[in-house]
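Heads up: the structure comes next, in structure tokens.
To find a chain, count down the sequence lines: A is the first, B the second, and so on, and within it residues start at 1.
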Protein chains: 2
Amino acid sequence: MAEKEPAPRFQTKSAYAASVLRRALAEGRYAAGERLMATQLARDLGFSMTPVREALMQLANDGLLEIAPHRGVRVADIADDDLVDTYVVRAIVESAAARLAAARIRPEEIAQLRRVHRQFVDAASARDPDVARLRELNEEFHFIIYAAAGSPLLRRMIRTAWTSSPRDTFGVLPLKTARDDHGALIEALETRDGDRAEDVMREHIEESAKLLRLFKKSKRKH
Amino acid sequence: MAEKEPAPRFQTKSAYAASVLRRALAEGRYAAGERLMATQLARDLGFSMTPVREALMQLANDGLLEIAPHRGVRVADIADDDLVDTYVVRAIVESAAARLAAARIRPEEIAQLRRVHRQFVDAASARDPDVARLRELNEEFHFIIYAAAGSPLLRRMIRTAWTSSPRDTFGVLPLKTARDDHGALIEALETRDGDRAEDVMREHIEESAKLLRLFKKSKRKH
DNA sequence: AGGTTATTTTTTGTAAAAAATTTAAAATGG
DNA sequence: CCATTTTAAATTTTTTACAAAAAATAACCT
């Protein structure tokens, strides 16, 4: 462990601990199925058990950890199959959200979408693209749509899907494709074409899944 | 408060506290937006803060409560609109799960489905039907299908949708309709007819939503 | 070896201190 | 004098440190 992060800007130690753990998981620092001991983590972070415990519960809620009563917490075993599964589910819920959004989206949300899209395009066309920023903009873009769908529950589910994958998979889709898809999405939403919005979103995600599968396969051969 | 429940059969106090709170919410004992004080709840239950706190986190994760850092926890304001929303979302995810299940379900799962269905039919045709048992059987039936869909994430989402409604709404659908729908579902799954399974499931849920809307409307007039 | 009883380790729960927020009261300035 | 800001008090949440309970591990004894 031994994070040297400044540790401020977090409102609670639980939140900070959760963020540290989430990052550690994303970086694959723990093996699948590995047992995490709250007492140990607390010692590493210099906190007492309670905030660490709460952080563990949060991540367990996200499906990143599994916690058995009196028996401790283990890193969830998310196989490659499950990663593909994530995309299957995302295609289902996010395309449905896009369809709903087409019916309900308001002009100011369209404007917001355009603004973020423009920033994305600018950032993507830079000489040395800032991947972290692109990821943020991409997320913002998507969630403007999901908020516009007007279903808090569906939005929450999509958030679950986005956080349920420990490994960061942004960037499998070529920037150009992402850009074009986002443009098509805006157009479909603006013309209130629910069918098209749904289709574009589904293909946008399935394309990512396909590329990810290829990527995984090529890595497995090695 | 002052639950007189024996309190056993729970592995941890957190779990017990969560169960008590969940029931209290289901019974509408707290107003929407009302503030819940952990210290107060702890006193009422005779527990210390930690288990109560953990219970609150669980329910917040289910969307039943909203918790703001350093500012306490409030009962989520789930309006009637949101209840309808629940059904919209359920129709989306559960019909998708039914389609997936049709492609992957195994013979023993079909057999299991038939077994539960038979129990449901028996219980439903009793002189004085046991509603609690029917609810359990209904849930079991549905989740056999969602498990058969082979997507842990989708299954988890559906579980979220089922627990995200504080008020219990089982029973709006006439027993006869439920029975017929379940029969049609088994048939569609057995013949691997994904389209049909999806349609039946969607209509099964949308029918509930429609009746619930009528029910709500009639109650509002009064 | 097999099984039972200690020992140790880890999780869970308690009580109270610390930090933050809200509420109330006092002070300040127009 | 009233409104606004400051200061202080009281709640409430968050964290700590430690005790109790449960499970895992080691030791022991036929």
Will you find, in the side chains of B:Tyr87 and B:Glu206, an N or O donor that is under 3.5 Å from an N or O acceptor? no

Report the distance from atom CG of A:Asn138 to atom NE2 of A:His182, rounding to the nearest 0.5 Å. 4.5 Å

Contact summary for B:Ala91 and B:Ile205, nearest pair of heavy atoms: N-CG2, 3.9 Å

On the 0 to 90° scale, with breaks at 30° and 60°, tag the A:Phe141-A:His117 ring pair as parallel, tilted or perpendicular. tilted

B/S/- along nucleotides 6-22 of chain D (protein heavy atoms under 4.0 Å) is ------SSBBB-----S

Using whole Å, report how far CG of A:Leu41 lies from C1' of C:dT10. 13 Å

Establish, for the pair B:Arg159 and B:Phe143, whether the NZ or CZ atom is under 6.0 angstrom from the six-membered ring centre and no further than 45 degrees off its axis. yes

